[in-house]
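All values reported here derive from a predicted model rather than from experimental measurement. The analysis underlying the following values was restricted to heavy atoms, covering all of them including side chains, and did not include hydrogens, waters or symmetry mates.
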Amino acid sequence: MRLRAFNFKNLPPLLKPPKPQFSSSTATPRHFSTEPQNPPPPTPPLQFSEDHKHTIPQIVSLLQTTSPDEWPTNTHLHHLLLSASPHSLLKITRQLGSLQKSLQFFDYLKNDYPSDSSPTSPPAPLGISPLSFAFQAVLEHAVREEDPKSPAKLLELFNFSKEQNVPLSLNSATLLIKLFGRAKMCDESVTVFSELRPDLRNIHVVNLLLDSLLKSGRIDDALKMVDKMLKSQLNVQPNDTTMDTVLSAFFTRNWSGRNVREEEIIGIVSGFGEHGIFPDSVWLTQLVSKFCRSGKCDKAWEVLHMVMRLGGELNAAPYNALLTGLGKENDFRRMNLLMIEMKEKDISPDVKTFGILINHLCKCHRVDEALETFKKMRGGNEGDEVCVVPDVVVCNTIIHGLCKVGRQEEGLKFMGNMKLEHGCMPNTVTYNSIIDGFCKAGEIERAFELFERMKKDGVEPNVITLNTLVDGMCKCERVGSALEFFDKMEEKGLKGNSTTYSILITAFCRSNNIDKAMALFDQMSQSGCPSDAIVYYSLISGLTRAGRLDDASSFVSKLKKAGFCLDIITYNVLIGGYCRKNKFEQAYEIFKDMEHAGVKPDRVTYNTLVSYFCEKGDFETAHRLLKKMMQYRFLPNVVTYGALIHAYCKAGHLDEAMKIFKEMNSSLKVSANNVIYNTLIDALCKSDKVDVALSLMDDMKEKGVRANTTTYNAMLKGLRERNWLEKAFKLMDEMTEKACNPDYVTMEILLEWLSAVGQTEKLRRFVQGYEVSASVP
DNA sequence: GGGGTGAACA
């Protein structure tokens with residue numbers, strides 16, 4: 001009867017507490033027995049003596065071959081069980097094969113040997129009830145038959161054990177917490193833990209509870225527990241797994257609770273360190289790079305040095321991660337410090353360490369130092385302490401660095417020596433770098449030669465090769481050939497990606513073929529090529545610059561529908577576009593949208609708005625914006641002042657323009673560029689202040705600002721008004737000397753003026769590139 | 001049990 005309650009086929013309910021009839025004092029016959037009239041002889045209390053191995057199979061076979069109803073009256077079984085230890089009981093129950101059978105056996109033990117586990121008797125102060133072991137095996141069977149996502153049977157069994165006052169064995173508790181944890185049943189895990197006798201708790205079960213708490217987002221509870229452990233208030237010593245558990249929580253984004261903060265992690269790692277537990281190299285590297293990636297190199301530095309201070313063993317990997325982070329922040333000082341430290345601590349830099357350093361030097365255009373470092377790495381010079389074998393990545397870094405500064409021929413030579421001198425084969429990245437080098441230098445033919453060579457050498461071109469060549473052709477204004485090449489490659493099976501489309505869309509917009517650019521966007525969508533935000537930015541910018549703001553706006557909507565956001569650059573492009581169209585309302589709409597999206601306006605945004613109000617002659621608003629801009633710590637730059645100066649000149653307030661010019665040079669420490677000089681020189685000449693304009697030209701030379709054709713045109717126009725021939729000849733000589741080519745404006749000014757005064761010979765020499773004042777009149 | 005650090009295209 002009782003056993004029916006355990007029949008899991010009758011779900012639900014799964015388990016009902018057996019009626020309190022299992023007490024030994026119950027007179028009711030509890031089993032259908034074949035010999036009810038012959039009650040079994042009184043059995044001595046079970047003495048779980050030393051294990052007899054051979055008795056286990058005997059007991060198991062007896063249990064398997066007889067009906068559970070017969071067990072209570074089976075004296076043979078009883079006697080066999082007398083010699084079984086608690087651990088044998090566990091083994092026996094395990095071997096019963098099913099949850100149902102094991103439960104029947106548990107039930108038999110529970111009811112027929114109450115002396116050991118009566119519900120009223122307290123648990124043994126030492127050791128644990130033999131029943132707990134049998135129950136553990138029951139749980140193990142349940143686990144096997146359970147759906148791990150919703151362990152309903154386990155929960156029911158756990159409640160059953162509480163009702164039956166069968167204390168949990170350590171392993172039972174472990175099992176339950178593990179499964180409840182996996183099923184995100186954190187409350188149940190906590191209850192199991194609290195049911196487990198405190199003296200039985202070990203670090204393993206604590207770790208599982210910790211994991212359960214963290215996985216269900218109860219970060220504060222988990223951290224409190226860790227804190228107690230670290231302060232030795234929990235009677236268990238933390239181990240490596242404890243720290244691993246906490247660290248993994250730091251790395252997985254937790255949606256149900258809050259995330260673990262950097263400061264907390266540092267505190268915890270330090271606490272563990274004081275217990276002699278350190279994150280291994282992989283963890284530490286991960287920590288360091290996560291800190292660095294979220295812009296907290298200081299924290300990364302702190303955690304690495306803390307581990308080192310407390311005696312953790314370190315290798316190059318976490319140092320490499322920190323070097324990368326510092327490199328991104330351009331913190332050369334601390335990079336050097338770190339290298340010195342590695343040497344002091346006898347931590348050998350590896351090929352990646354050198355890769356990071358070389359890459360950083362290349363990014364700063366310090367290619368010769370990069371080559372020097374590469375030599376040093378190889379231990380080429382006497383006295384070099386290290387000898388690291390280069391790999392293809394570090395070779396590629398060098399080659400890329402050379403190509404980026406226009407030394408692609410050297411890069412090519414380096415690639416030629418890679419195999420013989422450095423023992424590594426060029427790969428796709430190697431070729432891509434050099435192809436890009438030739439493309440950027442405008443040497444498309446050389447780039448294609450290399451493209452052919454790579455195929456011949458069995459190096460597979462990839463989508464970046466394709467994009468590099470397409471971009472190269474676009475930059476040489478061969479947009480049509482670029483598109484043809486793209487089509488041809490797609491036919492051959494080399495598919496383009498969103499970058500290919502971004503390149504082409506930008507190029508077609510720039511060559512004023514907006515419709516083709518839009519068609520390409522459609523082609524991309526239809527070909528099933530996944531788009532990214534940048535391809536939208538390319539088209540939106542192109543449309544805006546072409547003045548097609550309605551189209552741009554419709555692509556902004558499409559971008560948002562696709563789940564992307566505008567970036568600050570595209571926001572600025574749009575604001576500028578509306579301002580140029582004199583549609584301030586719409587520009588302001590974009591500005592508000594930007595604020596709403598949480599994108600902060602930058603100096604370019606303010607400059608755009610300042611320029612707009614300047615252009616309109618609304619100096620009051622322009623200055624108000626200028627003030628606001630400075631409040632937000634965006635210092636006005638040469639563009640800002642340029643807009644103001646230009647606007648004041650245009651409005652005829654030349655003195656105001658000069659005032660700003662003088663201010664920016666002296667007190668504001670912003671040096672004027674040639675645009676500003678040109679504006680002022682032009683305005684001064686037009687107001688008949690040719691002397692002042694000439695002195696500004698001298699000022700330019702002094703400050704090292706290069707005069708261009710516009711500068712000379714403006715000045716020559718002024719000189720023509722005054723008919724200052726000698727000065728004009730001097731300027732013409734300067735133009736020749738500085739290889740500053742005259743344009744049609746120059747020619748217009750000079751042709752009219754010099755013909756009128758009979759100096760056409762000077763003009764002829766000037767056009768031919770000779771100095772004019774040295775010529776014979 | 002799985003987890004980290006350096007290279008190419010807009």
Side-chain angles (χ1 to χ4, degrees), chain A residues 211 241 244-245 247-248 250-252 279-293 300 304 314-328 338 349-363 370 373-374 377 388 390-404 411 415 424 426-437 439-440 447 450 454 459 461-475 482 486 496-507 509-510 532-539 541-542 569:
Chain A
D211 192 47
T241 315
D244 285 2
T245 310
L247 289 180
S248 9
F250 179 61
F251 285 100
T252 38
D280 64 14
S281 182
V282 177
W283 273 127
L284 190 58
T285 309
Q286 233 180 319
L287 273 178
V288 168
S289 49
K290 181 162 178 183
F291 285 153
C292 288
R293 268 198 287 264
L304 181 67
L314 296 180
N315 62 13
Y319 277 93
N320 292 346
L322 186 52
L323 280 170
T324 306
L326 293 172
K328 293 216 171 90
L338 215 55
D350 58 14
V351 67
K352 289 184 180 129
T353 318
F354 284 103
I356 295 160
L357 292 178
I358 288 170
N359 183 38
H360 193 246
L361 287 167
C362 288
K363 289 269 149 75
T373 308
F374 183 82
M377 170 188 83
V388 174
D391 64 5
V392 66
V393 175
V394 77
C395 288
N396 287 345
T397 310
I398 289 279
I399 290 171
H400 181 232
L402 286 166
C403 291
K404 273 279 154 213
M415 178 175 85
C424 40
N427 63 11
T428 308
V429 178
T430 324
Y431 278 97
N432 287 351
S433 295
I434 302 175
I435 289 175
D436 188 48
C439 283
K440 293 269 152 67
L450 269 156
M454 84 187 276
V459 179
N462 63 8
V463 66
I464 296 179
T465 325
L466 167 70
N467 294 344
T468 307
L469 286 164
V470 167
D471 188 52
M473 283 187 276
C474 288
K475 295 269 157 70
F486 173 39
N497 59 13
S498 60
T499 305
T500 328
Y501 285 99
S502 292
I503 294 166
L504 287 166
I505 286 170
T506 305
C509 286
R510 202 165 280 160
D532 60 5
I534 296 175
V535 71
Y536 282 94
Y537 300 160
S538 310
L539 191 53
S541 300
I569 298 174

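With hydrogens and angles left out, the side chain of A:Asn432 and the base of B:dA7 share no donor-acceptor pair within 3.5 Å. If you check distances only, the side chain of A:Asn320 never reaches the base of B:dG4 with a donor-acceptor pair under 3.5 Å. Between the side chain of A:Thr353 and the base of B:dG6 there is no donor-acceptor pair of N/O atoms closer than 3.5 Å.
Between A:Arg293 and B:dT5, a side-chain N or O to OP1/OP2 separation shorter than 4.0 Å is present. Taking 4.0 angstrom as the limit, A:Asn396 places none of its side-chain polar atoms (N or O) nearer than this to OP1 or OP2 of B:dA8. Within the 4.0 Å cut-off from OP1 or OP2 of B:dT5, not a single side-chain nitrogen or oxygen of A:Lys290 is found. Distances shown here put every side-chain N or O of A:Lys440 at or beyond 4.0 Å from the OP1 or OP2 atom of B:dA8. Put simply, A:His400 has no side-chain N or O that comes within less than 4.0 Å of OP1 or OP2 on B:dA7. The shortest distance between the side-chain N/O atoms of A:Lys404 and the OP1/OP2 oxygens of B:dC9 is below 4.0 Å.
Tested against A:Ser502 for a side chain to side chain contact (heavy atoms under 4.5 Å, CB included), the candidates A:Asn467, A:Val535, A:Leu539 yield a single pass: A:Val535.
Following rounding to the nearest Å, A:Leu304 (CG) and B:dT5 (C1') show an atom-to-atom distance of 12 Å. Atom CG in A:Asn462 sits roughly 13 Å away from atom P in B:dA8 (whole-Å rounding). Atoms CZ (A:Phe374) and P (B:dA7) sit 16 Å apart, rounded to a whole Å. Atom CZ of A:Arg510 is separated from atom P of B:dA10 by 11 Å (rounded to the nearest Å). Rounded to a whole Å, the NE2 atom of A:His360 is 15 Å from the C1' atom of B:dA7. Distance, A:Leu314 CG to B:dG4 P: 18 Å, rounded to whole Å. Between A:Asp350 atom CG and B:dG4 atom C1' the separation is 12 Å, expressed in whole Å. Distance A:Ile435 CD1 to B:dA7 P: 20 Å, rounded to the nearest Å.
The side chain of A:Thr324 approaches B:dT5 more closely than any other nucleotide in the set B:dG4, B:dA8, B:dT5. You'll find that the side chain of A:Ile503 is closest to B:dA10, out of B:dG2, B:dA8, B:dA10. Listed nucleotides B:dA7, B:dC9, B:dT5 differ in distance to A:Lys352; the shortest reach to its side chain belongs to B:dT5. Comparing B:dT5, B:dA10, B:dG6 by their nearest atom to the side chain of A:Ser289 picks out B:dT5. Side-chain atoms of A:Ala317 lie closest to B:dG4 of the nucleotides B:dA7, B:dG4, B:dC9. Distance from the side chain of A:Asp244 is smallest to B:dG1 among B:dC9, B:dT5, B:dG1.
A:Ser498 and A:Asp532 are linked by a side-chain donor-acceptor pair at a separation below 3.5 angstrom, with hydrogens and angles left out of the test.
Contacts of A:Asp436 classified as salt bridge (Lys or Arg N to Asp or Glu O under 4.0 Å), with partners at least two apart in sequence or in another chain: A:Lys404, A:Lys440. Taking the salt bridge (Lys or Arg N to Asp or Glu O under 4.0 Å) definition, one finds that A:Lys290 meets it with nothing, sequence neighbours left out.
Among the heavy atoms of the strands, none lies under 4.0 Å from A:Thr506. Residue contacts for A:Val351: at a heavy-atom cut-off of 4.0 Å it reaches a base atom on one of the strands shown. Counting non-hydrogen atoms under 4.0 angstrom, A:Asp391 reaches a base of the nucleic acid.
Between A:Asn315 atom CG and A:Thr285 atom OG1 the span is 6.5 Å, to the nearest 0.5 Å.
With a 4.5 Å cut-off on side-chain heavy atoms, A:Lys475 and A:Cys439 do not count as touching.
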